[in-house]
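The structure under discussion appears below in the form of structure tokens.
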Amino acid sequence: MKKLKSLRGVTEAQVQEMIALDPDAPEATDEQLSHARRFVDSHPALAARTKEGIIQRPVGRPRDPGRKVSVSLRLDPDVLEKFRSKGPGWQTRINEALRNA
């Protein structure tokens, strides 16, 4: 089956045809929908809530307490080339050199 990049220009009939052709995702019946529950109600231990009752999901990596600060730094080309010539990790090596200084 061709993977769609967008549903723009796709008619309702085409959407219904695609649903009918997918045996792994049949459309829910009214009977099934009548038994549906919200995730927070069916799995309260897994749902984090704020004071306002809004579900919060962590996004991205956890914050590192010793995280670094992004800065713009102008270096002489030969200095930069020296650090880059030793391969990946050149920024860490510059950080270590500055820390030692």
Side-chain angles (χ1 to χ4, degrees):
M1 180 181 234
K2 184 179 176 185
K3 188 173 182 179
L4 297 176
K5 291 183 180 179
S6 170
L7 289 179
R8 291 180 196 204
V10 178
T11 65
E12 176 67 23
Q14 290 171 316
V15 171
Q16 293 303 322
E17 182 182 342
M18 287 186 277
I19 291 171
L21 291 174
D22 188 356
D24 294 329
E27 191 167 357
T29 64
D30 290 336
E31 170 73 18
Q32 291 170 324
L33 291 174
S34 70
H35 297 321
R37 295 189 308 173
R38 296 182 324 153
F39 180 81
V40 295
D41 296 334
S42 60
H43 298 86
L46 299 177
R49 292 176 171 258
T50 66
K51 295 175 194 168
E52 298 81 25
I54 300 169
I55 300 170
Q56 287 187 337
R57 293 181 182 90
V59 178
R61 294 172 34 177
R63 291 201 177 249
D64 180 7
R67 69 177 191 234
K68 297 183 176 159
V69 178
S70 179
V71 297
S72 177
L73 180 66
R74 297 174 68 82
L75 301 171
D76 290 332
D78 60 323
V79 172
L80 186 57
E81 181 56 36
K82 176 81 172 178
F83 280 97
R84 283 185 170 172
S85 69
K86 295 182 181 173
W90 61 270
Q91 291 171 321
T92 301
R93 288 191 296 276
I94 290 175
N95 189 62
E96 290 170 358
L98 290 171
R99 182 181 302 279
N100 291 335

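Residues satisfying the side-chain contact (heavy atoms from CB on, under 4.5 Å) test with Thr11, not counting sequence neighbours, are Ala13, Gln14. Take Glu27 and apply the side-chain contact (heavy atoms from CB on, under 4.5 Å) test, not counting sequence neighbours, and it matches Gln16, Ile19.
Minimum interatomic distance between Gly87 and Arg93 (heavy atoms only, all atoms of both residues): O-NH2, 2.8 Å.
To the nearest 0.5 angstrom, Leu98 atom CG is 7.0 Å from Leu73 atom CG.
Within the 3.5 Å criterion, the main-chain N or O of Asp78 finds no donor-acceptor partner in the side chain of Asp76. Here the side chain of Arg84 pairs no donor or acceptor atom with the backbone of Gln91 at under 3.5 angstrom.
The side-chain heavy atoms of Arg38 and Asp41, taken from C-beta on, include a pair separated by under 4.5 Å.
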Stepwise side chain to side chain contact (heavy atoms under 4.5 Å, CB included) test for Phe83 and Leu75: CA-CA 11 Å; Phe83 280 97; Leu75 301 171; over 6 Å; no
